[in-house]
Structures are given as C-alpha cells and as structure tokens.
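Data first, discussion second: the structure below is written as structure tokens.
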Amino acid sequence: MSDESLRILAERLAQEVCRSYRLERAEAVEKILVLWRADRAFCAALTAAPDADKFTRTRLYKDAATRARKAIYFTLRRYRADDGALAAACETLKTLPRDGDAAPLLNIIARNHASTAERADHLDLFWDEILLAVGEARSLIDVGSGVLPVLFPFSRAPSLERYLACDRDGAAMRAVETYAAWRGDGRLSARKWELREGWDAGESFDVALMLKIVPVVKRQEPALLKTLARVPARRVILTGSKEALVKRRVIVRREKNVIEGFARDSGFRILARFETPDEIGLVAETRGAVPV
C-alpha cells in the first residue's frame, strides 16, 4: 500500500469528521495524515493489507480513527491555535514603526484566537452593533477579552478614553499589551486577571463587554456568576454564540436563555437586543449603575 492509500483513507475519515466538526475537509485530511504517518504500526499494517476496505474493519484502524477524531476535537477546543505564530507576530509588531501597517500582524494575532477568528468574515457588522451599544462611553472594561481589543476600531469611538482588557490567558494579554504599546496613545491597556480575583475596589467603568463569556462561566464555574454580576460598570453588553465552537450544532436558543437568565438573575434591566451572523446579544443596565 502506498502513501496514496493512506491519503484515501484519511479523506474518507475527514469527510465523516467534517459532518460533525467545524473545519475544512482539506485541513482535516492533513491533520489525520500527520497522526497516521507517525504511527509505524498503523502504516505497516496498512502496507501489508491486501484490501483497504477490509483494513477499515480492523481494530487497529478503528482505534487509529478514534484517536484522530479525539485529536481533532481537542485541537479545535483550544482557544489559541498556534503560540509560535502569535509570539512571532508580537515580536514583529514591537519593531514596527508607528506609521507602519500593523493590519497584517493584527490579523495573525486575531485569527490565532478561536473566538475572535469566528467573527472575521463579518467584523464590520459585529463592530456596528458593539459601537452602537458602547455609545459615548468614556471607559470600558472587556471581561475575558482574548485578543479582540487588537481589532477594536478606536477611530470610531472618539469619546472612549480607556479600554481595559482582562483575561486569564497570559499570551493573549501580552499580545494586547504589545499592541497597546505600539499605539502609544494610552487608551488601551491589558491585565492578566481571573474572575475569581474579583474586582478592584474603586474602579468603575461606563461599559463592560462580556462577549461569549457568561455561557462559559455557567458551564465551567457557575458559582462565579455572582462575581460576574458585580462588574463595576453602568452598562453591560452580553453575547452568546449561535453555533458551538467545535461541533456543527446550533445552540442559539440555549445561549439566549443563558445570557437573558443571567441578566434577569443579576437584576439587570435589558435595554436592547441585537444579533450578528454568529452571535446573539443584549445590552443591559446594571444594578450598581454609575453615572457616565
């Protein structure tokens, strides 16, 4: 059996995988081939097999297929795809002149983060909704921001003087810090932070972004929803996903129930609702509203 036979089997499995998972078939094929080519026992058995179809019914093949599916699943579950690419883009950005074109580097940084990459094909529509909700706010805290702040259109929010990005992902925060330093105008800052740390006493913001974070906290650490509800901001913008991060499964109803339930249980007053091609959202006024 040649490498061509290996590729044929990989393409068959990729077709099955892509019916369930959110990735392109060609990408799935390459991921499967990398795994299988490294498995000497698998390759030797395939080479010795007289018939590829019969080989797919063996325990050896079924186990290899299961491992490949699991590997693809856990790769897709990662919020950051390639730490090397992220670090390289940040290093280049550090040496880029202030009047240089940062867009290609920011695109690399953004696409390295799964949640931000999902918005790539409709970014203008996304920002239209977010900026409408932000309004004339002068300060904003982005809770669980990831690397999204590197794409924020500051030129379209002239009133915004302070944008604080908070996330427990140190690499994402270093990327945002690098971009903030390159901008050099002091409007953007980043803080490595976890929700369990709570909020800094005395800090307050006009607006808090909680994009896709409430459903994640509810699934992983529901006890911290009470902390999330005490965000020191007058207005909060909440969103949820329409489709699951990994599997091709519509979850819009579930996400809508979660963010609306959180707003209701937190005593927030819902002001508006919106949606983009991959998110549903709402704008609410918090109980501890502070004047703008």
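The same ILVMFWY cluster, assembled from side-chain heavy atoms under 4.5 Å apart, contains both Val258 and Val250. Linking Ile, Leu, Val, Met, Phe, Trp and Tyr residues whenever their side-chain heavy atoms come within less than 4.5 Å places Leu224 and Val236 in a single cluster. The same ILVMFWY cluster, assembled from side-chain heavy atoms under 4.5 Å apart, contains both Val207 and Phe154.
Lys94 NZ to Thr92 OG1: the interatomic distance, rounded to the nearest 0.5 Å, is 10.5 Å. Residue Glu4 holds its CD atom at 9.0 Å from CD of Glu11, rounded to the nearest 0.5 Å. Note: Ile280 CD1 to Phe274 CZ = 8.5 Å, rounded to the nearest 0.5 Å. One distance of note links NZ of Lys218 with CG of Leu228; it measures 12.0 Å at 0.5 Å rounding. Rounded to the nearest 0.5 angstrom, Trp193 CH2 and Ile141 CD1 are separated by 6.5 Å. Between Leu151 atom CG and Asn107 atom CG the span is 7.5 Å, to the nearest 0.5 Å.
A salt bridge (charged side-chain N to carboxylate O under 4.0 Å, His left out) with Asp278 holds for exactly one of Arg119, Lys242, Lys212; it is Lys212. Remark: of the listed residues Val176, Val150, Leu160, Val176 is the sole one forming a side-chain contact (heavy atoms from CB on, under 4.5 Å) with Leu188.
With sequence neighbours excluded, no residue forms a ring-ring contact (aromatic ring centres under 6.0 Å, His included) with Tyr179.
Judged by distance alone, the side chain of Trp36 and the main-chain N or O of Leu9 form no donor-acceptor pair under 3.5 Å. Of the possible polar contacts, none joining the Glu161 side chain to the Arg138 backbone as a donor-acceptor pair under 3.5 Å is found. Of the possible donor and acceptor atoms, none in the side chain of Asp167 sits under 3.5 Å from a partner among the backbone N and O of Met173.
Minimum interatomic distance between Ile237 and Ala133 (heavy atoms only, all atoms of both residues): CD1-CB, 3.4 Å. Asp53 and Asp51 make their closest contact through N-OD1, 2.9 Å (heavy atoms, listed as atom of the first residue, atom of the second, distance). In this structure, Ala208 and Val231 approach most closely via the heavy-atom pair CB-CG2, 3.7 Å.
With respect to Lys192 and Glu197, no salt bridge is recorded, no charged nitrogen being found less than 4.0 Å from a carboxylate O. In summary, Glu203 and Arg230 do not engage in a salt bridge, as defined by a charged side-chain N under 4.0 Å from a carboxylate O. Ionic pairing of Glu285 and Arg235 is not present here: no N-O contact between side-chain nitrogen and carboxylate oxygen is shorter than 4.0 angstrom.
Within 6.0 Å of the CZ atom in Arg168, the count of heavy atoms belonging to other residues, nucleotides or ligands does not exceed 12. Counted within 6.0 Å of CZ on Arg156, heavy atoms from surrounding residues, nucleotides or ligands total more than 12; the atom is thus considered enclosed.
In this pair, Phe152 and Tyr163 present their aromatic rings perpendicular. The plane angle is above 60°, beyond the 30 to 60° band.
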**Request:** Could you check Glu177 against Arg191 for salt bridge (charged side-chain N to carboxylate O under 4.0 Å, His left out), going step by step and ending with a plain yes or no?
**Result:** CA-CA 8 Å; Glu177 286 174 347; Arg191 180 182 298 168; over 6 Å; no
**Request:** For the pair Arg59 and Asp63, evaluate salt bridge (charged side-chain N to carboxylate O under 4.0 Å, His left out) and give the outcome as yes or no after the intermediate values.
**Result:** CA-CA 6 Å; Arg59 174 51 54 190; Asp63 288 347; 3.3 Å; yes
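At a threshold of 4.5 Å between non-hydrogen side-chain atoms, the residues Leu125 and Pro277 count as touching.
Annotation: cation-pi pair Arg162/Phe205 absent, no NZ/CZ under 6.0 Å from the ring centroid and within 45° of its normal.
Side-chain contact of Glu129 with Thr276: a donor-acceptor pair under 3.5 Å is absent, judged by distance alone.
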